[in-house]
Amino acid sequence: MWMRNLSNFQSDNRLELLTRRSAIGVISAGVGGSLTLPWSISDAFSATKPPFGVAVHLDPFRNEPIFRELLKKHAGLIVPMNALKWASLRHTEGKFDFGGADEIIDFAEANGQPIHGHALLWYHANPSWIDAVTSPQLLERLLNEHIETVVGRYAGRIATWDVVNEVVAHDPLTQGKWRKGVWHDILGPRHVEIAFAAAAKADPNCRLFINDYDLEDDSLRTEARQRAILQIVRRLQKKNIPIHGVGLQAHLYAERRTGRENLIKFVRELKTLGLEVAVTELDVIDWKLSADPVVRDRAVVATVKEFLDAITEAGPVRNITTWGLSDKYSWIKDVFPRDDSAIARPLPFDRDWNQKPLFDLIKKYTQ
Ligand code: XIL
């Protein structure tokens with residue numbers, strides 16, 4: 001079971017609508033004033049609420065018919081939760097195992113749901129043979145081959161990709177800017193450029209994202225993380241390597257507040273650079289709340305509302321995606337365990353697949 005650097009989390013104490021105006025490009029038409037063109041912000045982006053995305057875990061997808069029913073009914077975007085990670089695709093060096101990914105992707109296509117790919121490079125969920133590589137030349141070749149094969153296979157089918165995931169250090173103030181791990185340690189900061197260039201080459205029409213967590217509050221650590229993301233974006237742009245968006249994972253803590261002004265400023269800076277913003281892994285960590293489910297659901301709704309109000313105030317988001325659908329299959333209970341025996345309630349549906357207040361809230365912000 002994957003455990004995220006939990007000691008770090010504990011040590012830091014705890015761890016629109018698109019307005020018509022912003023949807024329309026305005027260019028100067030010389031003496032005559034300005035000429036307004038109906039050009040949209042991006043390919044699949046329209047002047048409506050963003051789609052509600054759901055990350056799909058393979059086990060319940062295979063074994064719980066109700067999960068597939070709810071996906072058909074409610075999801076406007078599908079994200080294979082683990083099936084496109086290196087650990088799922090690359091058990092051995094010589095062979096790709098696309099079985100699980102194909103099951104989810106075929107289902108989404110049959111239902112006309114766009115697919116977001118997650119993730120081409122992550123410090124975690126790598127097969128042990130990748131973590132053991134020490135030659136920069138070999139690792140670069142393997143990374144290029146992987147991205148060429150995976151993005152190439154789904155070219156024209158996967159609309160957006162998390163090209164790199166969590167490449168910023170948990171705390172850049174004390175750890176330096178970059179996340180430690182095989183990619184950074186062997187290739188240096190170039191790993192990000194290699195990955196984006198390879199993805200752009202494999203599918204020139206795909207929208208390419210950098211994805212990361214803890215970008216929502218206004219602590220000094222979060223500000224440093226935001227700065228690191230902006231630096232990475234600017235560096236790619238300077239080198240003419242395509243990047244189209246930033247994914248905010250939004251694993252929100254019920255005991256933390258959104259840094260409204262800071263978040264709006266960050267998102268606007270990204271938009272000024274021409275980037276889109278997506279909410280990619282929304283859920284709420286409720287480990288510090290009292291056990292009463294009514295109290296917890298209320299706090300979860302308040303936490304998400306505060307965040308979504310701020311982020312949509314800064315302009316349109318590409319999608320709002322939750323990291324799973326039912327509390328029964330959430331990573332939160334394992335990685336952020338409670339002191340009591342109460343079951344975590346981070347997601348829009350409960351363990352018995354009943355709709356929760358969080359679902360009603362998300363529906364107000366999505367199509
Ligand atoms: C998690 C999955 O939800 C788990 O099923 C898996 O065991 C580990 O990974 N940030 C990410 C996601 O980008 O890929 C992680 O997903 C959760 C944190």
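Sequential numbering from 1 along the given sequence is applied to the chain's residues. Counting starts at 1 for both ligands and their atoms, in listed order. Remember, it's a predicted structure, so these values are computed and weren't measured experimentally.
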Heavy-atom distances under 4.0 Å are what count here, so tell me which part of Trp323 touches ligand 1: side chain, backbone, both or neither.
side chain
Can you tell which part of Asp162 has a heavy atom less than 4.0 Å from ligand 1: side chain, backbone, both or neither?
neither
Matching residue for His116 among Asp162, Asn211, Asn319 - test: side chain to side chain contact (heavy atoms under 4.5 Å, CB included)
Asp162
At less than 4.0 angstrom from any non-hydrogen atom of Asn165, what atoms of ligand 1 do you find?
11 (C), 13 (O)
Numbering as shown, the atoms of ligand 1 that approach His57 to under 4.0 Å (heavy-atom distance):
5 (O)
Do the numbers put Arg68 on top of the ring of Phe107, so that NZ or CZ is under 6.0 Å from the six-membered ring centre and no more than 45° off the axis?
no
By side-chain hydrogen bond (donor to acceptor under 3.5 Å, both in side chains), Asp352 pairs with (sequence neighbours left out) none
Looking at Pro50 and Arg318, what are the two nearest heavy atoms and their distance?
CB-O, 3.8 Å
Any N or O of Asn82 that comes nearer than 3.5 Å to an N or O of ligand 1?
yes
Does the residue Trp122 have a heavy-atom contact with ligand 1, meaning some pair of atoms that are separated by less than 4.0 Å?
yes
Glu281 contact mode with ligand 1 (heavy-atom cut-off under 4.0 Å):
side chain
Under 3.5 Å, sequence neighbours excluded: what are the donor-acceptor pairs made by side chains of residues 69-83?
from: Asn82; atom 1: OD1; to: Lys85; atom 2: NZ; distance (Å): 2.6

Can you find a non-hydrogen atom of His124 under 4.0 Å from ligand 1?
no
Could you tell me which non-hydrogen atom of Leu208 sits nearest to which non-hydrogen atom of Ala199, and how far apart they are?
CD2-CB, 3.9 Å
State, with a plain yes or no, whether a side-chain heavy atom of Arg90 is found less than 4.5 Å away from one of Trp129.
yes
Number the atoms of ligand 1 from 1 as they appear, then name those within less than 4.0 Å of a heavy atom of Met81, with their elements.
2 (C), 3 (O), 5 (O)
